[in-house]
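Side chains included, hydrogens not; waters and symmetry mates left out as well; all remaining heavy atoms used.
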Amino acid sequence: MRFFRRTFDLSLATPREATPADLTAVSRLFSQSSHRFVGFASTNLPSLLAGAPALLLTAGTEVWAAAVAGWPIESTTWMRGLALADGLPTGAAFDMLLPPFHALLRSEALRCIYYAGDEAADIWAQPALRARGYVHETDVVVYEKTRLDVPAEGNEWVRIRRAQAVDLPALLEVDRACFDPQWNKDESIIGPSILDAPYFMVAEMGGQIVGYAFATSHFAGRLMHLVRIAVLPEYRGQSIGVRLLADVIAFARLRGADLVTLNTQAHNNAAQRLYEWFGFRRTGERQAILRFDL
């Protein structure tokens, strides 16, 4: 049986803002298209279409392309989804999709959008984005640790305890103080993780939350991934980060993990020194981060 690739007449397409009523068509596009980048959980798509910036190319009742941003943090956001219907020419589609998408972001008082795709999406999306003004910001590099020993236990006066839902406002404050806006994790990430992550601990001094760490478990617990470790800037240099990292490793060892991984920005030399002292080594994997100034 022969299969024919569909052709599209882009003169029939219209860019418009997405609405909750587009959920079924957009969900189908992201699930069926071979040219797609999905940087969101499927359960989050309804809320993104209801409130986050999202633009579609439509023809009649069909959705041919979609660009979905995440929730804004200060004046920045991330590209959370890109999808083109199979057969739609990438360059021409982006030329129609991106300018009104960027205009929509500007109307929300946003100044930058960042893109961090995946290996499959980068083949088609990254060159097209670069050709349309997206520039290289940094790389995210991957570290791993296979021997679950620690060089030190850190500050013994720090109290480490399980995070609770009531800690959310303090944790958001810590995150905002520790990272540039584009790297902040907002309530939609930290809130559920407090309840669901196998490891989510806070560091306290004098009853104040001064840092936190959380990790996820994969492959039946054989791999632990350190998603975040943060210490308030005014409390750094007191071995609080060492204490948190040692606790993460101890938890991984208790769970029977063989490997602990983490990601960090290529320019974050201070964090890399800590990780390498703890026995983490670069895997050689890296992900390019692109930025578009609106």
Please check this pair: side chain of D180 against backbone of Q182, looking for a donor-acceptor N/O pair closer than 3.5 Å. no
Name all residues meeting the ring-ring contact (aromatic ring centres under 6.0 Å, His included) criterion together with F37; count only those two or more places apart in sequence or in a different chain, and write none if there are none. Y115
Donor-acceptor contact below 3.5 Å, side chain N155 vs main chain S239: no
Does the distance from a Lys or Arg side-chain N to an Asp or Glu carboxylate O, for D149 and K145, drop under 4.0 Å? yes
Which residues, ordered by chain and number, are linked to V63 in its hydrophobic cluster, where ILVMFWY side chains connect at heavy-atom gaps below 4.5 Å, directly or through other members? L23, V26, L29, F30, V38, F40, L45, L48, L49, L56, V68, W71
Does R16 pair with D22 as a salt bridge, N-O distance under 4.0 Å? yes
Summary of ring pair (Phe, Tyr, Trp, His ring centres under 6.0 Å) pairs that have at least one residue in residues 136-193, sequence neighbours excluded: W78-W183
Among I249, V248, T261, T264, side chain to side chain contact (heavy atoms under 4.5 Å, CB included) partner for L226: V248
Short side-chain to backbone donor-acceptor contact, R162 and I194, under 3.5 Å: yes
Can I get a per-line list of side-chain donor-acceptor pairs under 3.5 Å for residues 210-219, giving both atom names and the distance, sequence neighbours left out?
| unit_1 | atom_1 | unit_2 | atom_2 | d |
| --- | --- | --- | --- | --- |
| Y212 | OH | D175 | OD1 | 2.5 |
| T216 | OG1 | H218 | NE2 | 2.8 |

Would you list the pairs meeting side-chain hydrogen bond (donor to acceptor under 3.5 Å, both in side chains) in which at least one residue belongs to residues 93-108, sequence neighbours left out? D95-R132, H102-Y134
Tell me, which pairs form a salt bridge (Lys or Arg N to Asp or Glu O under 4.0 Å) where one or both residues lie in residues 266-293, sequence neighbours left out? E137-R291, D139-R286, R291-D293
Hey, are R161 and E204 close enough for a salt bridge, meaning a charged N less than 4.0 Å from a carboxylate O? yes
